Trainee: 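Before I ask anything, let me first share the structure, which is written out below as structure tokens.
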Amino acid sequence: MMGIIYEHQQQRGDGGSLWLLVTVLIAAVVTSTYMTWFWALSRRLTGPKVWPLFGSLPSLLANRARMHDWISDNLRATGGAATYQTCILPLPLIARRQGLVTVTCHPRNLEHVLRTRFENYPKGPQMQAAFHDLLGGGIFNSDGETWLLQRKTAALEFTTRTLRQAMARWTNRSIRDRLWSILADHCADGRAVDLQDLLLRLTFDSICGLTFGKDPETLSPGLPHNPFTAAFDAATEATLQRLLFPGFFWRLKKALRLGSEGRLWKSLEVVDRYITAAIAERKENPSDDLISRFMKKRDAHGNSFSSSVLQRIALNFVLAGRDTSSVALSWFFWTVMRRPDVERRLVDEITAVLKQTRGPEPATWLVEPLGFDELERLVYLKAALAETLRLYPSVPQDTKYVVADDVLPDGTMVPAGSTINYSIYSVGRMETIWGKDCREFQPERWLSAEGDRFEPAKDTYQFVAFNGGPRTCLGKDLAYLQMKSIASAVLLRHRLELVPGHRVQQKMSLTLFMKNGLRVYVRPRNHCGDDLVCSSTDKVSATPANIATAAAA
């Protein structure tokens with residue numbers, strides 16, 4: 001009996017060893033097959049190092065704190081090609097489509113994607129799905145007929161002079177009634193202030209006024225908490241997190257209301273209530289704001305826009321009008337603080353215009369922000385803003401989906417189902433595009449030889465801070481107008497000094513925010529220095545007494 005049991009155990013042992021051997025052999029064959037396939041795949045890729053199973057994600061995660069500069073480094077390493085391909089899902093049947101990412105900043109490729117083959121490069125299903133809960137089918141998250149109808153409707157409004165004048169009025173009112181007062185308070189007590197926060201509040205109030213005809217006054221003394229803006233920020237950040245994970249993962253979190261998806265759901269409730277109330281108010285009392293104008297329009301079937309459609313239209317405009325201008329201005333002021341020569345020339349231009357329009361007395365310049373016609377004369381200021389956007393574009397990159405197989409002008413093959421990431425941030429940092437001084441801040445590159453006229457880039461696709469082709473930003477002129485109004489108002493009255501030790505760095509998001517804000521000290525600007533002649537022996541600066549005296553006069 002014992003012999004039979006021993007023989008049976010020996011047979012089981014031999015069988016187990018055989019299965020183990022077979023398993024090891026299968027694993028070895030699968031691994032070697034995969035590594036052979038991966039070697040063939042990686043040879044065709046031209047971007048950063050890719051790893052088995054994980055692709056280029058380890059490098060991306062390691063450089064997430066400087067992602068845009070990392071992408072620029074990779075593109076510069078290609079020389080004049082300014083294009084590379086990488087893989088984020090190196091798996092058979094997936095790698096050459098969903099896993100393949102083409103990264104480029106080559107102007108001819110940008111023109112091809114944004115204009116020539118526009119229909120072949122929509123936002124795509126992945127981006128639309130991720131942003132649908134926040135932006136719905138609004139103009140910034142739609143393609144095809146849905147996008148085209150909104151684009152045509154909005155284009156009719158954005159080309160009108162009355163809309164630009166309305167933006168100037170809303171912005172100047174916020175500057176005159178609140179921004180100047182807040183800056184003066186910090187100037188008097190010597191406390192530092194987060195300028196990026198002030199600018200975000202100001203542009204939010206302005207775009208809400210332009211969109212709803214209602215100023216929420218988030219820029220007020222004490223910088224009060226506003227439930228809508230807090231919920232709006234939380235919803236935006238939660239939506240961005242969806243881009244970091246596969247679609248099934250965030251959809252599961254959404255179904256269970258877990259983590260960021262739970263926060264998104266709660267935030268959207270607050271956002272929807274606010275916008276629903278604003279639209280209802282406008283339906284009862286139509287005005288000259290954007291929503292009132294869209295209420296008069298008709299869709300492709302001749303019907304009025306529903307309340308839900310109007311909500312998404314409004315939210316898309318608020319998103320675009322709030323973040324982009326304030327972020328650009330933050331980088332503008334940070335750059336100007338480090339370039340006294342540029343600051344001096346900017347102030348000289350502003351005061352020269354005011355001498356012509358308001359007379360030689362500096363006190364009279366400080367009563368009101370510059371008007372619409374005065375802002376139009378600030379050529380060097382526009383050049384400095386354009387140069388800021390060249391180096392620090394508010395939207396540093398964008399992604400497109402490839403509908404059908406295509407070949408880019410530089411010869412790069414892009415298969416259907418893959419994505420193209422065009423780095424707007426990198427365009428301004430390529431020597432092959434802007435020359436050896438590409439990373440230097442030089443507003444003069446935007447001026448005529450005489451220096452009296454603003455000249456856009458000769459190649460439209462060398463400067464795509466406002467996008468390009470059919471999706472070129474409709475609010476470009478409004479943005480320049482608003483930025484010139486705010487920049488001139490601050491520079492006219494104050495000098496800004498960066499708080500010692502404050503670290504300015506980029507925040508990794510769709511918009512190029514400063515991660516730690518922009519902490520500055522506010523100083524009064526003297527307009528009776530050696531380079532200016534005043535009728536009074538007193539130095540004139542932006543003090544309440546001087547302003548009140550000028551206003552009374």
Side-chain angles (χ1 to χ4, degrees), residues 38 41-91 94-95 98-106 109-110 126-127 130 196 236-246 249-250 260 323 327 330-331 334-335 389-400 412 418-434 438-439 464-465 502-518:
F38 177 78
L41 170 72
S42 60
R43 284 186 64 199
R44 295 193 295 268
L45 300 176
T46 55
K49 182 177 177 61
V50 291
W51 301 85
L53 300 179
F54 300 105
S56 56
L57 288 178
S59 298
L60 178 60
L61 291 173
N63 289 277
R64 64 187 180 276
R66 58 179 299 271
M67 182 174 64
H68 303 304
D69 286 309
W70 176 67
I71 291 174
S72 292
D73 292 342
N74 293 332
L75 287 167
R76 277 195 297 273
T78 68
T83 303
Y84 67 85
Q85 288 186 315
T86 187
C87 185
I88 57 173
L89 288 172
L91 300 173
I94 295 177
Q98 294 97 321
L100 184 69
V101 178
T102 302
V103 183
T104 186
C105 69
H106 194 295
N109 289 348
L110 299 186
Q126 295 175 345
M127 287 287 288
Q196 180 175 252
T236 302
E237 288 194 18
T239 299
L240 291 177
Q241 288 193 33
R242 290 179 170 182
L243 301 180
L244 303 177
F245 304 103
F249 184 74
W250 66 255
S260 59
D323 293 353
V327 165
S330 296
W331 290 107
W334 176 70
T335 303
L389 288 167
R390 184 183 71 84
L391 291 169
Y392 304 100
S394 298
V395 180
Q397 65 183 39
D398 201 359
T399 301
K400 298 293 185 181
T412 304
S418 67
T419 57
I420 288 185
N421 183 326
Y422 61 98
S423 175
I424 302 170
Y425 183 86
S426 300
V427 175
R429 287 170 162 72
M430 293 292 289
E431 287 188 16
T432 54
I433 299 174
W434 287 96
C438 61
R439 279 176 276 183
V464 285
H502 177 68
R503 186 180 179 189
V504 173
Q505 62 182 130
Q506 299 169 14
K507 180 180 180 180
M508 291 303 107
S509 65
L510 285 184
T511 311
L512 200 65
F513 286 108
M514 292 179 174
K515 183 177 180 179
N516 306 309
L518 183 60

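In this text, all values refer to a predicted model and were calculated from it rather than measured experimentally.
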Trainee: Provide the closest heavy-atom pair for His68 versus Gln397 in the form atom of the first, atom of the second, distance.
Mentor: ND1-OE1, 3.6 Å
Trainee: Search all heavy atoms of Ala238 against all heavy atoms of Ser260 and return the closest pair with its distance.
Mentor: CB-O, 3.5 Å
Trainee: Determine whether more than 12 heavy atoms belonging to other residues, nucleotides or ligands lie under 6.0 Å from atom CD of Gln126.
Mentor: no
Trainee: Could you state the interatomic distance from CG (Leu75) to CD1 (Ile71), rounded to the nearest 0.5 Å?
Mentor: 7.5 Å
Trainee: Distance check, rounded to the nearest 0.5 Å: Glu237 atom CD versus Phe513 atom CZ?
Mentor: 8.5 Å
Trainee: Whether the side chain of Trp250 engages the backbone of Thr239 through a donor-acceptor N/O pair (distance < 3.5 Å, no angle test) should be reported.
Mentor: no
Trainee: Does any non-hydrogen side-chain atom of Val101 lie less than 4.5 Å from one of Ser418?
Mentor: no
Trainee: Answer with yes or no whether the side chains of Thr46 and Gln85 bring together a donor and an acceptor at under 3.5 Å.
Mentor: no
Trainee: From Ile420 CD1 over to Asp398 CG, what is the distance, rounded to the nearest 0.5 angstrom?
Mentor: 11.5 Å
Trainee: If you look at every heavy atom in Phe38 and Trp51, which pair is closest and at what distance?
Mentor: CZ-C, 3.4 Å
Trainee: Taking the side chain as C-beta and beyond, is there a heavy-atom pair between Leu518 and Val504 under 4.5 Å?
Mentor: yes
Trainee: How long is the gap from CG on Asp323 to OG1 on Thr511, to the nearest 0.5 Å?
Mentor: 4.5 Å
Trainee: Side chains of Gln506 and Lys515, heavy atoms from C-beta outward: is any pair under 4.5 Å?
Mentor: no
Trainee: Using 0.5 Å steps for rounding, measure from the CG atom of Asn421 to the OG1 atom of Thr102.
Mentor: 9.5 Å
Trainee: Does Asn516 reach the main-chain N or O of Arg503 with its side chain, forming a donor-acceptor pair under 3.5 Å?
Mentor: yes
Trainee: So how far is it from Asp73 CG to Thr78 OG1, rounded to the nearest 0.5 Å?
Mentor: 11.5 Å
Trainee: Can you see which heavy atom on Leu110 is nearest to which on Cys105, and at what distance?
Mentor: CD1-O, 4.2 Å
Trainee: As a quick check of understanding, evaluate side chain to side chain contact (heavy atoms under 4.5 Å, CB included) for Thr335 and Tyr392, giving each step before the final call.
Mentor: CA-CA 10 Å; Thr335 303; Tyr392 304 100; 4.1 Å; yes
Trainee: Does Arg64 CZ have over 12 foreign heavy atoms under 6.0 Å away?
Mentor: no
Trainee: Do Arg439 and Tyr425 form a cation-pi contact, if we require the NZ or CZ to be under 6.0 Å from the six-membered ring centre and within 45 degrees of the ring's axis?
Mentor: no
Trainee: Under the 6.0 Å and 45° cation-pi test, does Arg390 pair with Trp434?
Mentor: yes
Trainee: List the steps, then state whether side chain to side chain contact (heavy atoms under 4.5 Å, CB included) holds for Trp331 with Leu391.
Mentor: CA-CA 9 Å; Trp331 290 107; Leu391 291 169; over 6 Å; no
Trainee: Walk me through it: do Leu60 and Trp70 pass the test side chain to side chain contact (heavy atoms under 4.5 Å, CB included)?
Mentor: CA-CA 8 Å; Leu60 178 60; Trp70 176 67; 3.6 Å; yes
Trainee: Could you verify whether a donor N or O on one side chain and an acceptor N or O on the other, from Asn109 and Thr83, lie under 3.5 Å apart?
Mentor: yes
Trainee: If I compare all heavy atoms of Pro90 with all of Pro52, which pair ends up nearest, and what's the gap?
Mentor: CG-C, 4.4 Å
Trainee: Within the structure provided, determine whether Arg429 and Asp69 are in side-chain contact (heavy-atom separation under 4.5 Å).
Mentor: yes
Trainee: Go through it in stages, so that I can follow the logic: the residues are Ser394 and Leu389, the test is side chain to side chain contact (heavy atoms under 4.5 Å, CB included), and I'd like the CA-CA distance, side-chain angles, deciding distance and then a yes or no.
Mentor: CA-CA 7 Å; Ser394 298; Leu389 288 167; 3.9 Å; yes
Trainee: Under 3.5 Å, is there a donor-acceptor pair between the side chain of Ser423 and the main chain of Ser426?
Mentor: yes
Trainee: Taking C-beta and beyond as the side chain, do Leu512 and Val395 meet within less than 4.5 Å on heavy atoms?
Mentor: no
Trainee: Over all heavy atoms of both residues, which pair between Val50 and Ser42 is shortest? Give the atoms and the distance, please.
Mentor: CG2-CB, 3.8 Å
Trainee: Can you check whether Gly517's main-chain N or O pairs, donor with acceptor, with His502's side chain at less than 3.5 Å?
Mentor: yes
Trainee: Can any side-chain N or O of Thr104 pair as donor or acceptor with the backbone N or O of His106 at less than 3.5 Å?
Mentor: yes
